[in-house]
Amino acid sequence: MGKRDYSPFGADAQRAVDRGLTAAEWYHTEVPRKVMKDLMTRTDQPAIRDTLILYGVMIACAGIGIALWPSWASLPFWLAYGVLYGSASDSRWHECGHGTAFRTPWMNDVVYQIASFMIMRNPATWRWSHARHHSETYFVGRDPEIAVMRPPDLARVMLNFFGIIDVMKFFPNLIRNALDGPTAEERTFVPESEWGKVRKVARIHLGIYAATLTLALWTHSILPLMVIGLPRMYGAWHHVMTGLLQHGGLADNVIDHRLNSRTVLMNPVSRFIYWNMNYHVEHHMFPMVPYHALPRLHETIKGDLPAPNRSILEGFREMWPAFRRQLAYEDYFIRRDLPASAKPYREDFHQFVPGMMAQASNAAE
Amino acid sequence: MPHWIDACAPGDIDAEDLIRFDHAGATHAIYHGPDGRFYATDGLCSHEHVHLADGLVMEFLIECPKHNGQFDYRTGEAKRAPVCVNLRTYPVRVEAGRVLVELP
């Protein structure tokens with residue numbers, strides 16, 4: 001395979017359609033219907049508890065930060081507030097976008113809208129981009145949510161730990177959305193019936209940012225921006241750290257989430273911020289299972305999955321060298337071994353994946 | 001011309017659940033609602049080629065297992081993005097201990 005073309009209008013996008021990838025059925029582990037129904041069961045209680053804790057701690061941290069401002073003593077409170085604003089909002093956006101966090105639909109919708117604002121994503125656009133991400137996970141040119149393209153731009157990855165690339169892209173896009181609705185690229189996955197919503201919500205977000213900036217200028221202080229906007233940068237590091245692990249260094253253009261997604265066991269604080277999305281293979285295989293049931297799902301199907309990484313550090317030790325190898329050879333990816341109890345990878349599904357068959361042969365020898 | 005097709009026994013579907021029913025090259029979903037009645041729709045989500053039979057029934061909603069779109073399976077109405085196109089529904093009756101679906 002030559003250099004990858006990530007444009008939705010490019011040759012790789014067309015190739016994914018021509019090869020039938022976009023219409024293919026994904027592999028999933030067999031789970032008895034009664035067990036799956038139990039895992040899928042919706043309830044409000046865990047998400048209400050977590051949301052009260054999240055917003056309660058955010059209000060407390062911001063309040064103390066404002067009270068101590070501009071003393072350095074306010075710093076730890078801003079750091080905590082930033083991570084909850086700029087990282088926990090990513091997982092809340094995600095789970096409530098799926099509609100699985102709460103049983104009650106309006107609760108999902110309210111938290112989804114708040115989280116979308118904090119994480120700087122147009123909620124109307126990103127609902128559709130994420131649907132595509134699930135249909136066509138890491139299909140080159142088709143998945144609009146590929147975090148690290150090949151060959152990896154590691155400088156870009158590092159800058160995004162502080163939200164720099166995301167924020168630089170967000171504001172010009174927000175203005176375009178507010179004026180004209182979705183961009184040409186976004187129109188490849190957002191249906192026309194939703195274009196008005198994209199424009200409307202962009203105008204609302206733009207209005208809030210304009211009001212915050214005006215307040216900062218009026219008071220000659222960056223304090224308003226410390227509360228709204230900047231935490232998306234100084235608190236982004238956690239969601240970038242955990243988000244990179246989801247698919248980083250793994251296969252693209254495959255239809256088995258065991259090959260393109262990664263499960264990483266994490267500490268309880270990161271799991272609260274990340275709302276259990278560290279069980280990422282499980283989430284992609286069964287997206288209707290709520291975040292609070294993912295540990296149980298993991299226990300149910302782990303015999304059919306590659307062993308999870310045992311920590312964030314171990315995950316990075318696996319992923320980062322793969323990024324470095326992809327700098328020289330972009331077809332390289334990590335092909336993880338399955339336990340003896342697992343159904344093997346269907347090599348016939350993936351004949352066209354560069355490197356897949358060679359790695360399979362090496363593994364067999 | 002539509003025909004009443006024998007699909008299953010009432011006991012084959014738990015309350016608030018569904019099963020897949022294939023007939024004449026088409027796939028359908030048959031539901032057992034919380035009101036004790038049975039309903040039938042097309043078996044594939046109108047958004048993408050995904051069998052609804054793997055999804056979750058919550059009261060009178062069926063949630064697609066792939067993208068969490070929802071339909072009211074009594075009317076076929078699309079209720080939650082990313083589904084926008086309604087599902088086709090089919091008449092159902094229970095007769096002589098069997099669930100019958102009227103299919104084209």
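Please read all numbers here as calculations on a predicted model, not as lab measurements. Naming: A, B, ... by sequence-line order, numbering from 1 per chain.
Of the listed residues His49(B), Glu63(B), Arg80(B), the one with more heavy-atom pairs under 4.5 angstrom with chain A than any other is Arg80(B).
Between the SG atom of Cys64(B) and the CE atom of Met288(A) there is a distance of 8.5 Å, given to the nearest 0.5 Å.
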- Trace of the salt bridge (Lys or Arg N to Asp or Glu O under 4.0 Å) decision for Glu59(B) with Arg103(A): CA-CA 12 Å; Glu59(B) 297 177 0; Arg103(A) 179 181 171 88; 3.8 Å; yes
- Task: Apply side chain to side chain contact (heavy atoms under 4.5 Å, CB included) to Arg42(A) and Leu56(B), showing your working.
- Result: CA-CA 10 Å; Arg42(A) 302 292 155 75; Leu56(B) 176 66; 3.8 Å; yes
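The local environment of CD in Glu192(A) is sparse, with at most 12 non-hydrogen atoms from other residues, nucleotides or ligands closer than 6.0 Å. Around NZ of Lys197(A), the count of heavy atoms belonging to other residues, nucleotides or ligands within 6.0 Å does not exceed 12. Summarising the local packing, CD of Glu185(A) is surrounded by 12 or fewer heavy atoms from other residues, nucleotides or ligands at distances under 6.0 Å. More than 12 heavy-atom neighbours from other residues, nucleotides or ligands sit within 6.0 angstrom of CZ on Arg203(A).
A distance-only check finds a donor-acceptor pair linking the side chain of His67(B) to the backbone of Ala131(A) [under 3.5 Å].
Using a 4.5 Å heavy-atom cutoff, the side chains of His134(A) and Asn68(B) are not in contact. Pro82(B) is listed as a side-chain neighbour of Trp128(A), based on a closest heavy-atom distance under 4.5 Å. Between Arg33(A) and Asp17(B) there is a side-chain heavy-atom pair separated by less than 4.5 Å.
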